[in-house]
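Here is the structure we will look at, set down as structure tokens.
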Amino acid sequence: MDLIESLAGKDSKRGHRLMLDLEAQSFQSDALYCCLDDFVDLTRHSSSFVRVRGFRLAMAQVEWDEQGKIASRFAELAAVLHDQKPTVVRQSLSALHRVVQIRPQFAPLVRAELEKVDVSNYASSMAPLIAQDVAALRNRLEKIPVD
């Protein structure tokens, strides 16, 4: 079975395990950078699980992205920060911590996108958690110098 098909397949446990393995590999080498466009495409999938996998794997390639593909497709990727599913938003916000640590030049893009996150779109049980995640990321961004 193809890698992308496995990530988007119906077996959510298998897809999640695969994503974790691929994410760990991506932190170590550029072997999966060639799949970046496929990962970005997954962020538009109908399944929230698959959208998260796509975003996390795309962001895991940031260290190897000398061509600037992630920055050029950031507006498309950032759609997950406004997803209808709060778990998608939370996991995506979490992945951005590593991005701005490795590539501080992403800070302005992330700052601008955080301004658009509207926690009122989520249930009262999730809105405060998303607000905390946004605040934590903003706190990290404050430590990054503005160009």
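Bear in mind that the values here come from a model prediction, so they are computed numbers and not experimental data. FYI, the numbering just counts along the sequence from 1.
- Nearest approach of Pro104 to Ile144, heavy atoms of both residues: CB-CG2, 3.8 Å.
- Using a 4.5 Å heavy-atom cutoff, the side chains of Ile70 and Leu77 are in contact.
- At least one side-chain heavy atom of Val110 sits less than 4.5 Å from a side-chain heavy atom of Phe74.
- Taking each heavy atom of Ile4 and Asp2 in turn, the nearest pair found is N-OD2, 3.1 Å.
- You'll find the side chain of Gln101 reaches within 4.5 Å of the side chain of Arg140, heavy atoms only.
- Using a 4.5 Å heavy-atom cutoff, the side chains of Val52 and Thr87 are not in contact.
- Screening His97, Glu113, Gln132 for a side chain to side chain contact (heavy atoms under 4.5 Å, CB included) involving Leu137 leaves a single residue, His97.
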- Task: Tell me, with the steps shown, if Leu114 and Leu93 meet side chain to side chain contact (heavy atoms under 4.5 Å, CB included).
- Result: CA-CA 9 Å; Leu114 289 180; Leu93 289 167; 3.5 Å; yes

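- The local environment of NE2 in His16 is sparse, with at most 12 non-hydrogen atoms from other residues, nucleotides or ligands closer than 6.0 Å.
- To the nearest 0.5 Å, atoms CE (Met59) and OG (Ser94) are separated by 13.0 Å.
- The local environment of NZ in Lys85 is sparse, with at most 12 non-hydrogen atoms from other residues, nucleotides or ligands closer than 6.0 Å.
- Closest of all the heavy-atom pairs between Val119 and Ala131 is CG1-N, 3.8 Å.
- Rounding to the nearest 0.5 Å gives a distance of 10.0 Å between CZ of Arg53 and OG of Ser6.
- In terms of heavy atoms, Phe55 sits closest to Ala95 at CE2-CB, 4.0 Å.
- Using a 4.5 Å heavy-atom threshold, the side chains of Leu32 and Leu3 count as touching.
- Gln84 contributes atom CD, which lies 10.5 Å from atom CG of Asn121 (distance to the nearest 0.5 angstrom).
- With rounding to the nearest 0.5 angstrom, the CG atom of Leu141 is 5.0 Å from the CZ atom of Arg111.
- Side-chain contact of Arg51 with His45: a donor-acceptor pair under 3.5 Å is absent, judged by distance alone.
- A salt bridge does not link Asp65 to Arg103: none of the charged nitrogens lies less than 4.0 Å from a carboxylate oxygen.
- Note on Arg138 versus Glu115: salt bridge recorded, some NZ/NE/NH1/NH2 to OD/OE distance being below 4.0 Å.
- Within the 4.5 Å cutoff, side-chain heavy atoms of Arg73 are placed close to those of Asp37.
- Taken to the nearest 0.5 Å, the SG atom of Cys35 stands 11.5 Å off from the CG atom of Asp41.
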- Task: Using the side chain to side chain contact (heavy atoms under 4.5 Å, CB included) rule, take Val89 and Val80 through it: C-alpha gap first, then chi angles, then the decisive distance, then the call.
- Result: CA-CA 6 Å; Val89 176; Val80 299; over 6 Å; no

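- For the pair Leu96/Leu81, a side-chain contact is recorded, criterion being any heavy-atom separation below 4.5 Å from C-beta on.
- Under the 4.5 Å side-chain heavy-atom criterion for ILVMFWY residues, no single connected hydrophobic cluster contains both Tyr122 and Phe49.
- Note on Phe39 and Phe27: separate hydrophobic clusters, where clusters join Ile, Leu, Val, Met, Phe, Trp and Tyr whose side-chain heavy atoms are under 4.5 Å apart, directly or indirectly.
- The two residues Val40 and Ala58 have their closest heavy-atom pair at CG2-CB, 4.2 Å.
- Ser26 places a side-chain N or O within 3.5 Å of a backbone atom of Leu22 that can act as its donor or acceptor partner.
- In this structure, CG in Leu7 is found 11.5 Å from CZ in Arg56, a value given to the nearest 0.5 Å.
- Ser124 and Pro128 make their closest contact through O-CD, 3.0 Å (heavy atoms, listed as atom of the first residue, atom of the second, distance).
- Enclosure of atom OH in Tyr33 by more than 12 non-hydrogen atoms of other residues, nucleotides or ligands within 6.0 angstrom is indicated.
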